[in-house]
Amino acid sequence: QVQLEESGGGLVQAGDSLRLSCAASERTFSLYAMAWFRQAPGKEREVVAAISRFGGNTYYADSVKGRFSISRDNPKNTVYLQMNFLKPEDTSVYYCAAHRVDYGTYYYSRIDDYEYWGQGTQVTVSS
């Protein structure tokens, strides 16, 4: 059972930056593909970015391409989401998710791919 804990959310102004972190309890962190999702009030949860086991492959939603960057530090069991040039429409609860992968170096971008989820961290961007 993997436990995930997000941190780094907060209230910022449009154009500001934030870095989210997600710490995993699992020592074999490199066996997991990771992703960040977000969910705004009244909307469905959507993928923001995804990363393969060793970080070689990444995926970004069109809405965040060029502004957000996902990365991971396997020895620290942590995945990050660097968010730059934030917009009010980025306001959401951001969730970290993990998917066990025994082989391969793919990313996974569907909600149904992920077995483990964090509790979420609120990001609010004011205009």
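Note that the coordinates shown come from a computational prediction; the quantities given were computed from them, not determined experimentally. Numbers for residues simply follow the sequence, beginning at 1.
Using a distance-only test at 3.5 Å, with no hydrogens or angles considered, a donor-acceptor pair links the side chain of Thr121 to the main chain of Gly9. Judged purely by atom type and a 3.5 angstrom limit, Thr78 uses its side chain to pair as donor or acceptor with the backbone of Lys76. The backbone N or O of Phe85 lies less than 3.5 Å from a partner atom in the side chain of Arg67, making a donor-acceptor pair.
Around CD of Gln119, the count of heavy atoms belonging to other residues, nucleotides or ligands within 6.0 Å does not exceed 12.
With contacts defined as side-chain heavy-atom distances shorter than 4.5 Å, the pair Ile70/Gln82 does not qualify.
Remark: Lys65 pairs with Tyr60, Asp62 by the side chain to side chain contact (heavy atoms under 4.5 Å, CB included) rule, at least two apart or across chains. Looking at residues two or more places apart in sequence or on another chain, you find a side chain to side chain contact (heavy atoms under 4.5 Å, CB included) between Tyr107 and Ala50, Asn57, Tyr59. In terms of the side chain to side chain donor-acceptor pair (under 3.5 Å) criterion, Arg53 has no residue partners (sequence neighbours excluded). Residues meeting the side chain to side chain contact (heavy atoms under 4.5 Å, CB included) test with Gln3, sequence neighbours left out: Ser25. Evaluation of the ring pair (Phe, Tyr, Trp, His ring centres under 6.0 Å) rule for Tyr108 yields His99 as partners, not counting sequence neighbours.
Across all non-hydrogen atoms, the minimal contact from Val125 to Thr91 is N-OG1, 2.9 Å. Here the shortest heavy-atom pairing between Val2 and Ala24 reads CG1-CB, 4.4 Å. Across Pro88 and Ala14, no two heavy atoms sit closer than the pair CD-CB, 4.1 Å. In terms of heavy atoms, Leu81 sits closest to Ala49 at CD1-CB, 4.2 Å. Nearest heavy atom pair, residue Tyr94 against residue Val48, reads CE2-CG2, 4.1 Å. Scanning all heavy atoms of the two residues, the minimum distance from Ser30 to Asn74 falls at CB-ND2, 3.5 Å.
With rounding to the nearest 0.5 angstrom, the CD atom of Glu26 is 3.0 Å from the OG1 atom of Thr28.
For residues 11-124, the disulfide bond (SG atoms under 2.5 Å apart) pairs, not counting sequence neighbours, are Cys22-Cys96.
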Show your working on side chain to side chain contact (heavy atoms under 4.5 Å, CB included) between Tyr80 and Leu20 and close with a plain yes or no. CA-CA 6 Å; Tyr80 304 97; Leu20 304 183; over 6 Å; no
Just do the side chain to side chain contact (heavy atoms under 4.5 Å, CB included) check on Asn77 and Arg72 with the steps written out, would you? CA-CA 8 Å; Asn77 297 345; Arg72 64 189 295 162; over 6 Å; no
Does Trp36 form a side chain to side chain contact (heavy atoms under 4.5 Å, CB included) with Glu6? I'd like the steps, not just the answer. CA-CA 10 Å; Trp36 288 94; Glu6 302 97 337; 3.8 Å; yes
Where do Leu31 and Val101 land on the side chain to side chain contact (heavy atoms under 4.5 Å, CB included) test, with the steps shown first? CA-CA 5 Å; Leu31 291 179; Val101 181; over 6 Å; no
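Side chains of Glu5 and Ser7: no donor on one and acceptor on the other come within 3.5 Å. A donor-acceptor contact closer than 3.5 angstrom links the side chains of Ser17 and Asn84.
Note on Tyr95 and Tyr32: separate hydrophobic clusters, where clusters join Ile, Leu, Val, Met, Phe, Trp and Tyr whose side-chain heavy atoms are under 4.5 Å apart, directly or indirectly. Two different hydrophobic clusters hold Ile51 and Val47 under the rule that ILVMFWY side chains link at heavy-atom gaps under 4.5 Å.
Remark: aromatic rings of Trp117 and Phe37 are close, center separation under 6.0 Å.
Tested against Met34, the residues Tyr116, Tyr114, Phe29 include a single side-chain contact (heavy atoms from CB on, under 4.5 Å) partner, Phe29. Just one residue in the list Asp90, Val123, Val64 forms a side-chain contact (heavy atoms from CB on, under 4.5 Å) with Met83, and that residue is Val123.
Taking a cutoff of 4.0 Å between a charged side-chain nitrogen and a carboxylate oxygen, Glu46 and Arg38 qualify as a salt bridge.
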